[in-house]
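Structure first, commentary second.
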Amino acid sequence: MNITIALAGNPNSGKTTLFNALTGSNQYVGNWPGVTVERKEARFQLGDDEALLVDLPGVYSLSPYTIEENITRHFIAQHRPDVVLNIVDATNLERNLYLTLQLMELERPMVIALNLIDEVEKRGGKIDCARLSAAMGVPVVPISAKKRQGFDELFQKLHGQAHAAVVPHPLEQYDDSTRRAVKELIVAMGGASAHSVFDAEEHYEHRDDRHRDDDHDSSAPHAHIGGYADEGDKDQAPPTAWVALKLLEGDQTIAQAAYLTPDQKHSIERAVRDYEARGREQYPGIDSLTLLADCRYGVIERVLKEAKVEKKVTSQDEISARIDKIMTHKYLAFPIFLVIMGVMFFLAFGPVGSFLTDGMDLLIGEYLTGWAGAGLSAVSAPEWVRSLVLDGVIAGVGGVLTFLPQILIIFLFLSVLEDSGYMSRAAFITDRLLRKLGLSGRSFIPMLVGFGCTTTAVMSARGVENDRDRRMTIMLTPFMSCGAKLPVYGLFTAAFFPGASYLVVFSLYLLGMAVMVVCGLLLRKVTFKEGDTPFLMELPPYRIPTVKNVARRLWDRAKDFLTRAGTLIFAMSVLIWFLKSFSFSFQMVSDPEQSIFGVIGQAVAPVFSVMGFGEWRKIVALLSGLVAKEAVVSTMMVLYSASDNAMLASMLPNFFTPLSAYSFLVFTLLYIPCVSAVAAMRRELGSWKYTLQAMAMQLITAGVMATLVYQIGRLFGLS
Ligand code: GDP
Ligand code: MG
């Protein structure tokens, strides 16, 4: 028989180690459809079965906040693997079992691989797997993925579960109020398949039922979860009780996918409200999401007690809790956050960063241009080819490439922060701040992603549950300074603020965040939102970042940056070279002011003189920034006929004052994001109307802020 095994677990639980140990070298590596998350699978022989092991992305929970979570839950809920192999970090049981319960809610047969058992023993701990297994209702096998121990039993249990007839549902262990709410929700959904969970005799879903799912779920809402669609295979309906649990959590992704009628929605809302009302008797002000999390942790606590797991085994959490006393301290947290960010910008834009950038500049500006020039002369290339290669391609692409070291430093820092677990704290801390301002904290996760790439950030806003919050997040995320703007900052700070470049860049990042907050408040006024849901966030334990993880993230970024430089920026540079070298009658012109760009730029430039940069070349640079933000630099390189960055930086003071340079940077920070981000906004907002509104807001904000900076600066006698 062919069986599919899904490998799921928290990040850092040893998933990759186990996957490699189980499957050896015959792995197939690809991507999940539509996203750049790696998908690995491999076949191996499991007894008399041919097993396909699919490695799911590491996740802490099955909320719809991230692409990884969406992939994992979609795969298990709707692709229905035969067995879920849940790898659990034994040194961190409590947190890991939180995911385990959520995986069990998906009603697939399961085996728990209790990994890092060697680590537990080293610490003098012991876990009674038989008891744990009995308490959870799922086979638990102690293993060490690294030392390849426990695999025989694991294979045996996997084989057994793949042919298991019954699957226990964790709901059996959930508290009465939660069970009642789920029951009410299933009725509210009009589902006929409530039996699988609630009928006394039928606590179990029968494996063979999965072929009839389409029938017996036909009257229940048919949820197709967004995130990714598996080609070829037909998705099955997710389990009814799981859909009910997600509706109880207020999971908007599910609610939208379920095609509910107004009547159904109404009954669902009432059931959720009743659930909250019952919870509030004990915890005033609590919401359903938190209640359900509390319920799951209650089960875990009981399970751990029943299994007599010693506390010291989970010491990882205690160390983390101690670090968090400082890192998330009421008053210290935010200053610490600022200091960490400050150090990052100092490294990237201070002495170290500029040293590296100078080196790159030398490499590209001196050697590459020199060699290319000599080579072109040697073959006596016509003048226009020389111009295209030297002034167009090398200047444009090279100008952007120069900033690779600085970008890598920033992303190295962000990767380390992320891998160590600090990024989740940053979101947590900022949430507290945002909530004081009356904004939803949930939005901060996509906003953090926005430091990297606006497009990705807009897409990850899918996880924000409340529809208005989500729209707001999508409209505001572009204010977070994305990585592609770094070359622009690098160029200008080197030219105008050499001693204080990192402070200037830092100020831009902070300004972006401040503008986001203010616009958020204004939007909130306009759309007057009612009370929001408290923010519940998993804080993963602190870890020493692994070189492998950090290197992989860094490489992803570098690859992304280099690909863009080689494709988009390359094409842009050629196009811009053409538009600045040729007139409307397609004649090559010697004076760029008569070129196509010159004519257009001069027509619109006057509008921008209140901001201090009413000159056509600057406007054209900003226009090309709409394609990709790095193109602002490559365009200037081409338009000012500079051969390398150092040369451009030395020329810029002829065209900008420090004040107008800063105002230009502010505009660059805030104006409309690049086309791919706009396309993502359109997709996620679902309408051109909102997209255009958002773009208008961004453009107006950029204009107003740049004008304010320039005019107020002049009032204070700056120039
Ligand atoms: P993933 O993020 O879930 O893919 O985790 P990895 O497979 O990358 O493992 C994370 C870290 O845990 C690595 O440093 C592994 O070497 C280590 N590791 C994995 N399994 C074990 C184990 O059984 N025992 C010990 N001591 N370390 C392990
Ligand atoms: Mg891994």
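Indexing begins at 1, ligand by ligand and atom by atom, following the structure's order.
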Side chain, backbone, both or neither: which applies to K548 and ligand 1 if a contact is any heavy-atom pair less than 4.0 Å apart? side chain
Any nitrogen or oxygen of G14 lying under 3.5 Å from a nitrogen or oxygen in ligand 1? Just yes or no. yes
Is the count of non-hydrogen atoms from other residues, nucleotides or ligands lying under 6.0 Å from E301 atom CD greater than 12? no
Restricting to non-hydrogen atoms, name the atom on T253 and the atom on D251 that form the minimum distance, rounded to 0.1 Å. N-OD1, 3.0 Å
Check: F155 ring centre within less than 6.0 Å of F44 ring centre: yes
Report yes if some N/O of T546 lies less than 3.5 Å from some N/O of ligand 1; otherwise report no. no
P11 N/O to ligand 1 N/O under 3.5 Å: no
With a heavy-atom distance limit of 4.0 Å, tell me whether E119 approaches ligand 1 through its side chain, its backbone, both, or neither. side chain
Which atom pair, heavy atoms only, marks the closest approach of E107 to V167? C-CG1, 4.0 Å
Against heavy atoms of T16, which atoms of ligand 1 measure under 4.0 Å? 1 (P), 4 (O), 7 (O)
E69/R73 salt bridge by N-O under 4.0 Å criterion: no
S13 heavy atom under 4.0 Å from ligand 1: yes
Part of D118 with heavy atoms under 4.0 Å of ligand 1, whether side chain, backbone, both or neither: side chain
Residue part near ligand 1, for N115, under 4.0 Å between non-hydrogen atoms: side chain
Between Y60 and Y98, is the ring centroid distance below 6.0 Å? no
Using a strict 4.0 Å threshold on nitrogen-to-oxygen distance, state whether K15 and E68 make a salt bridge. no
By number and element, which atoms of ligand 1 are closer than 4.0 Å to a non-hydrogen atom of S144? 22 (C), 23 (O), 24 (N)
Per-atom contacts of ligand 1 with T17, taking only distances under 4.0 Å to non-hydrogen atoms: 6 (P), 7 (O), 9 (O), 15 (C), 19 (C)
Taking side chain to side chain contact (heavy atoms under 4.5 Å, CB included) as the criterion, tell me which of D287, I254, L289 meets it with E249. L289
